[in-house]
Chemist: 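Got a structure for you, questions after.
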Protein chains: 2
Amino acid sequence: MRNKKKVSIKDIARLSGVSVATVSRVINHNGRFSEETRKRVEAVIEQYHYTTNMAGKSLRESKTNTIGVIVPDITNELFSQIVLELEKFFFEQGFSVLICNTNEETEKEIAYFRILEAKMVAGIVCISGREDLPQSAEEMGIPIVCIDRKPKGKTDVVYVESDHYLGGYIATETLIQKGCEKILILSKQKALSVNTQRMNGYLDALRHYRLPVREELIVPLDDDSSNFQEARDRIFYMVKKRVPFDGVFATNDWRAYGALVALQQNGIAVPQQVKIVGFDGTSVSEYCYPPITTIQQNKKELALQAAQILLRMIQGEPILQKHFVLPVALIERHTT
Amino acid sequence: MRNKKKVSIKDIARLSGVSVATVSRVINHNGRFSEETRKRVEAVIEQYHYTTNMAGKSLRESKTNTIGVIVPDITNELFSQIVLELEKFFFEQGFSVLICNTNEETEKEIAYFRILEAKMVAGIVCISGREDLPQSAEEMGIPIVCIDRKPKGKTDVVYVESDHYLGGYIATETLIQKGCEKILILSKQKALSVNTQRMNGYLDALRHYRLPVREELIVPLDDDSSNFQEARDRIFYMVKKRVPFDGVFATNDWRAYGALVALQQNGIAVPQQVKIVGFDGTSVSEYCYPPITTIQQNKKELALQAAQILLRMIQGEPILQKHFVLPVALIERHTT
DNA sequence: TTGAAAGCGCTAACAA
DNA sequence: TTGTTAGCGCTTTCAA
């Protein structure tokens, strides 16, 4: 079944009575051939369904037309939407996308960087996940753009992110303006910039409205269980412990939904007794009941910005601005 | 910034005082070298962080360790879960995954087949989407496994699918057993085997329970709008037209949810007045309100089966069985 | 156990 | 405008 012997540039050269160099020029529109030659060569290419062997080309040029996309979890809607936009953009630019799902495992991420290097990808988009890029990444000399991941230490890595601080501030402010005074925050413990920025927005909003920061309302989450489960369990526990609160800022939509379910299970009315704001703007916030007020990230723009910058880097342009912040938007629904 | 000159097999050979052939043998565990040589070479490789240049290797071997995955829409949870499992499996086997999002556009799919061929991928997994593989695909001589896509005409293409017929039957039977007599089906018009099999399950269940097949309750969907919207609009219209029905078999979960919302908007109680069953077992069916009874596809198993078969094909094993059907499961929730 | 050398398909420098 | 040729990094055949 294998081994339809493929037609190579040599065959095309022979069949159209020119040299391989000329064929190569025609294929790559490099000039230095006559109109007549072009026609003849292209006809033969057409006739024999010739397609460039990328391995040969890549070997010769020491680079491929492949982009590596590193992502923690492709089944997370936020990420899959970003990946979709990346794929669309790069397809149009003649690049393919290698998907590298790390599952947040450091080892797998490091392995993937090695693989991407060995495969000589043209560039890498690194979405969220842990903060510090593996050592190897920086030494590779492959253009990298990060999304929602501010590389620790290194100042010269390009990254694009939503305005997480403002998002945290607006989320909290919204709750305050709707009358909440004891606002609980569900936040990952891991000190990612994404987390700390949202937290800072929360804290600043409280301060600005002269509300006390209550230690017991800062509920840390760790990494093991799902966002939904963990949030639900934590809120359940808070209710059982009778810790009073009247607002929840959940740092993503699944956590918000977890909080919502825990409250419903305890007969606490949302939004009458407790109000909730989520983050991301994924579909769960829209279709759950009642639909959740959330801070929307502009996934398409995030992807597009990152992709465009990466493309420019690949083309050798110097990138002066290293840090891009995109606005977020409040979507008011029925939990506030 | 570019151009850290990479260390090649030649460098390793020189640095460890052996020939490139020997280094190659050591790297690929091909025997024919002494234990001592092995140690020396491996030490040098380690020291200089050598990694194989895949373009060179691929060119030489006329194949890569990359798998192409063709998928209609990576943001569809059903597909992203399958892709996740494929990636996981192939990563462990030393393959990378190229993601090819076709958006159901024939042209893009054809383009991707060409690209995958030019890139000499080791194999292709083709998920759902249109039925007939492009001509080019079959001629390429690259192993292909389809998921949920029964290639038209061609009998020798390997495919793995859920038992859509049984799913359709069980969905309908469930509605009947809960007392429904006028069961509406929301089904794509496009004659994909997936659609027709579910439809056949529906029809056979009706016949088996001696219920009439009513033409006006077979509601065709076309391709333009989203599953959710289209289903919602259709059901809305049916209600307005006062077509009587007391059960809805929606051929995926988003359609089921669309139906649910349309009914709720018209003040029709679910499940009291109308019952609903969805398909796929994606999260929307779980977290919407009320959660929807659905037929679950085993995405992990689907991916694993396909991946394992493809791997065997890549390794040159003959595949005798071409068609694999995986069981589905009814998940009862609150819409029946 | 080891090495020399050919050649996979391609591009680009150089020559004509 | 066109051709010749070297060489990218690798594996493998053949010879030693």
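In what follows, every chain begins at residue 1, and chains take the letters A, B, ... in the order their sequences are listed. The analysis underlying the following values was restricted to heavy atoms, covering all of them including side chains, and did not include hydrogens, waters or symmetry mates.
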Chemist: Nearest-Å distance, CG (B:Asn28) to C1' (D:dC10)?
Modeler: 9 Å

Chemist: Within a strict 4.5 Å, meaning less than it, do heavy atoms of the B:Ile82 and B:Leu86 side chains meet?
Modeler: yes

Chemist: From the set D:dT2, D:dT5, C:dC8, return the single nucleotide nearest to any side-chain atom of A:Lys10.
Modeler: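 Nearest listed nucleotide: C:dC8.
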
Chemist: Whole angstroms only, please: what is the CG-C1' distance between A:Asn30 and C:dC10?
Modeler: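 About 13 Å, once rounded to whole Å.
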
Chemist: Among C:dA4, C:dA12, C:dC10, which nucleotide sits nearest the side chain of B:Ala21?
Modeler: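 Shortest atom-to-atom distance from the side chain points to C:dA4.
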
Chemist: Do other residues, nucleotides or ligands put more than 12 heavy atoms under 6.0 Å from B:Glu35 CD?
Modeler: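 Yes - once you tally the heavy atoms of other residues, nucleotides and ligands closer than 6.0 Å, there are more than 12.
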
Chemist: Does B:Ser58 have a side-chain nitrogen or oxygen under 4.0 Å from the phosphate oxygens OP1 or OP2 of D:dC10?
Modeler: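 Answer is no, no contact under 4.0 Å.
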
Chemist: Identify, residue by residue, the members of residues 43-56 of chain B with a heavy atom below 4.0 Å from DNA chain C, and return them in order of residue number, or none.
Modeler: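 DNA chain C contact set from residues 43-56 of chain B: none.
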
Chemist: Answer yes when B:Glu36 and B:Lys39 have at least one side-chain N-carboxylate O distance shorter than 4.0 Å, and no when they do not.
Modeler: no

Chemist: Give the rounded distance in Å between these two atoms: CG of A:Asn65 and P of C:dC10.
Modeler: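 Distance, rounded to whole Å: 13 Å.
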
Chemist: Report the distance from atom CZ of B:Arg25 to atom C1' of C:dA4, rounded to the nearest whole Å.
Modeler: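 Atom CZ in B:Arg25 sits about 11 Å away from atom C1' in C:dA4.
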
Chemist: Would you mind reporting whether A:Leu310 and A:Phe90 have side-chain heavy atoms less than 4.5 Å apart?
Modeler: yes

Chemist: Between A:Lys57 (NZ) and D:dG9 (P), how many Å, whole number?
Modeler: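 In whole Å, D:dG9 P and A:Lys57 NZ are 18 Å from each other.
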
Chemist: Assuming nearest nucleotide by heavy-atom distance, tell me which of A:Ser19 and B:Ser8 is located more 5' along DNA chain D.
Modeler: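 Upstream on the strand: A:Ser19.
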
Chemist: For B:Gly123 and B:Ile142, which heavy atoms make the closest approach, and how far apart are they?
Modeler: CA-CG2, 3.7 Å

Chemist: Taking atom C1' of D:dG9 as reference, at what distance in whole Å does atom CD of B:Glu61 sit?
Modeler: 12 Å

Chemist: If you only use heavy atoms from C-beta on, which nucleotide in C:dG3, C:dA12, D:dC10 is closest to the side chain of B:Thr22?
Modeler: C:dG3

Chemist: Go nucleotide by nucleotide along DNA chain C from the 5' end; which of B:Arg40 and B:Leu59 gets its closest nucleotide reached first?
Modeler: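 Between the two, 5'-proximity favours B:Arg40.
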
Chemist: Mind calculating the distance between CE (B:Met120) and P (C:dG9) to the nearest angstrom?
Modeler: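 Whole-Å distance recorded here is 9 Å.
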
Chemist: Does A:Arg32 get its side chain close enough to the base of D:dG3, under 3.5 Å, for a donor-acceptor pair?
Modeler: no

Chemist: Below 4.0 angstrom, N of the basic side chain to O of the carboxylate: do B:Glu104 and B:Lys188 qualify?
Modeler: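 No, B:Glu104 and B:Lys188 are not salt-bridged.
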
Chemist: Does C:dT2 have OP1 or OP2 sitting under 4.0 Å from an N or O in the side chain of B:Thr37?
Modeler: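 The answer is yes; a side-chain N or O of B:Thr37 sits under 4.0 Å from OP1 or OP2.
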
Chemist: With a 4.0 Å limit, can you tell me whether B:Ser34 has a side-chain N or O closer than that to the phosphate oxygens OP1/OP2 of C:dT2?
Modeler: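 Affirmative; the distance criterion is met.
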
Chemist: With the side chain of B:Val18 defined as its heavy atoms from C-beta on, choose the nearest nucleotide among D:dT2, C:dG3, D:dT4.
Modeler: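 The answer is C:dG3.
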
Chemist: Can we say B:Glu117 and B:Arg114 salt-bridge, meaning some charged N sits less than 4.0 Å from an Asp/Glu carboxylate O?
Modeler: no

Chemist: Grab the NE2-P distance between B:His29 and D:dT12 for me, whole Å please.
Modeler: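 To the nearest whole Å, that distance equals 14 Å.
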
Chemist: Please say whether more than 12 non-hydrogen atoms of neighbouring residues, nucleotides or ligands are located less than 6.0 Å from CD in A:Gln315.
Modeler: yes

